[in-house]
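The structure under discussion appears below in the form of structure tokens.
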Number of protein chains: 2
Amino acid sequence: MAEDVFKALADPTRRRILDELVERDGQTLFEICARLATKHGLGLTRQAIGQHLVVLESAGLVRSRRQGRYKFHDLNTEPLELIVTRWLRPDAPEGTP
Amino acid sequence: MAEDVFKALADPTRRRILDELVERDGQTLFEICARLATKHGLGLTRQAIGQHLVVLESAGLVRSRRQGRYKFHDLNTEPLELIVTRWLRPDAPEGTP
DNA sequence: ACAATAGGAAAGTGACGACTTACCTATCAA
DNA sequence: TTGATAGGTAAGTCGTCACTTTCCTATTGT
């Protein structure tokens, strides 16, 4: 849903996470925590980042694959292209007949 | 800057307002109120819509021009294009998982 | 087995945001 | 001027969201 995508993008920490995944795909939760702390100075707990990842995954912006005790997260830009065409292309076939 | 744009897009009512302005540019506050009420069944007060327009204008998504006692609102899609290119990798192949 | 590691799932708190109510200013028509 | 229209602003309420704390499950290494 578009609602979930926009709400997911509303938080600056979640946007930072997307930035991290653009730079290097397939990171684990602990890796994301470490990089956010060192590169951006974000002093958030692991649980907080984990909750953000849940939101991003529910919005379809992040896909995760489990491998043993590791869970790797990949960026999925597909929902982004959908929300853009809503206002950038006025003559696109809209869902409102 | 980008923060304001994402926060502005986070609210469904504000996205509806953008939809309305895509369909017909240069509407006044009362026109937007009427169309949101009739077409989308939104029972919001004029003040609420006015506050949303302030948010949209602060984000640069809406430009307004005053003319007498009327204030016309125009859509500005420029901030949208900026936020899209942030995560959409330009040289990524189409079917990359 | 045991402990360390990677992750998940609660409840609780504090702050921010959306909305209403009420009141106020400015412009136009009679 | 008077009254109607178009818009602006402030206080207050209520819900939502981000975050922490605490505790729990699952996998791996020794």
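Each chain gets a letter, A, B and so on, in the order the sequences are listed, and its residues count up from 1. Please read all numbers here as calculations on a predicted model, not as lab measurements.
Distance from the side chain of His52(A) is smallest to dC19(D) among dC19(D), dG7(D), dA6(C). When the nucleotides dT20(D), dG7(C), dA6(D) are ranked by their closest atom to the side chain of Phe30(B), dA6(D) comes out on top. If you check dC17(D), dG7(C), dA6(C) against the side chain of Arg69(A), the one that comes closest is dA6(C). The nucleotide whose nearest atom lies closest to any side-chain atom of Gln47(B) is, among dC19(D), dG7(D), dT20(C), dT20(C). Closest approach to the Arg66(B) side chain among dC19(D), dG8(D), dT20(C) is made by dG8(D) (side chain taken as heavy atoms from C-beta onward). The side chain of Leu29(B) lies closest to dG8(D) when the candidates are dG8(D), dT16(D), dG7(C).
A salt bridge is absent between Lys7(B) and Asp4(B): the closest approach of a Lys/Arg side-chain nitrogen to an acidic carboxylate oxygen does not fall below 4.0 angstrom. Residues Glu81(B) and Arg86(B) are not paired through a salt bridge, judged by the lack of any N-O separation under 4.0 Å between the basic side chain and the carboxylate.
Using a 4.0 Å cut-off, no side-chain N or O of Arg46(A) falls inside it from OP1 or OP2 of dG8(C). When the side-chain nitrogen and oxygen atoms of Lys71(A) are compared with OP1 and OP2 of dG8(C), one or more of them lie within a distance under 4.0 Å. The shortest distance between the side-chain N/O atoms of Thr45(A) and the OP1/OP2 oxygens of dA18(D) is not below 4.0 Å. Between Thr28(A) and dA6(C), a side-chain N or O to OP1/OP2 separation shorter than 4.0 Å is absent.
Note: CZ (Arg65(B)) to P (dA6(D)) measures 16 Å, nearest angstrom. Phe6(A) has its CZ atom 16 Å from the P atom of dC17(D), to the nearest Å. Note: CG (Leu9(B)) to C1' (dG17(C)) measures 16 Å, nearest angstrom. As rounded to whole Å, 13 Å separates atom P of dT16(D) from atom CG of Asp11(B). Between the P atom of dG7(D) and the CG atom of Leu53(B) lies a distance of 9 Å, rounded to the nearest Å. One can place CZ of Phe72(B) at 11 Å from C1' of dA6(D), the figure rounded to the nearest angstrom. As a whole-Å value, the separation of Ile49(B) CD1 from dA6(D) C1' is 15 Å.
Side chain of His73(A) to main chain of Thr28(A): no donor-acceptor pair is present (N/O by atom type, distance under 3.5 Å, no hydrogens or angles). A side-chain donor-acceptor contact under 3.5 Å links Arg15(A) to the backbone of Leu9(A).
Within 3.5 Å, no donor on the side chain of Gln51(B) pairs with an acceptor on the base of dT9(D), nor the reverse. Not a single donor-acceptor pair, N or O on each side, falls under 3.5 Å between the base of dT27(C) and the side chain of Gln67(B).
The minimum heavy-atom distance between Asp25(B) and Asp74(B), with the atom names listed, is OD1-CA, 3.4 Å.
Toward the 5′ end of DNA chain D lies the nearest nucleotide of Lys7(A), the other residue of the pair Lys7(A) and Tyr70(A) mapping further downstream.
Checked against Glu31(B) for a salt bridge (charged side-chain N to carboxylate O under 4.0 Å, His left out), the options Arg24(B), Arg46(B), Lys71(B) give a single hit: Arg24(B).
Across all strands, Gly50(A) comes closer than 4.0 Å to no nucleic acid atom at all (heavy-atom distances).
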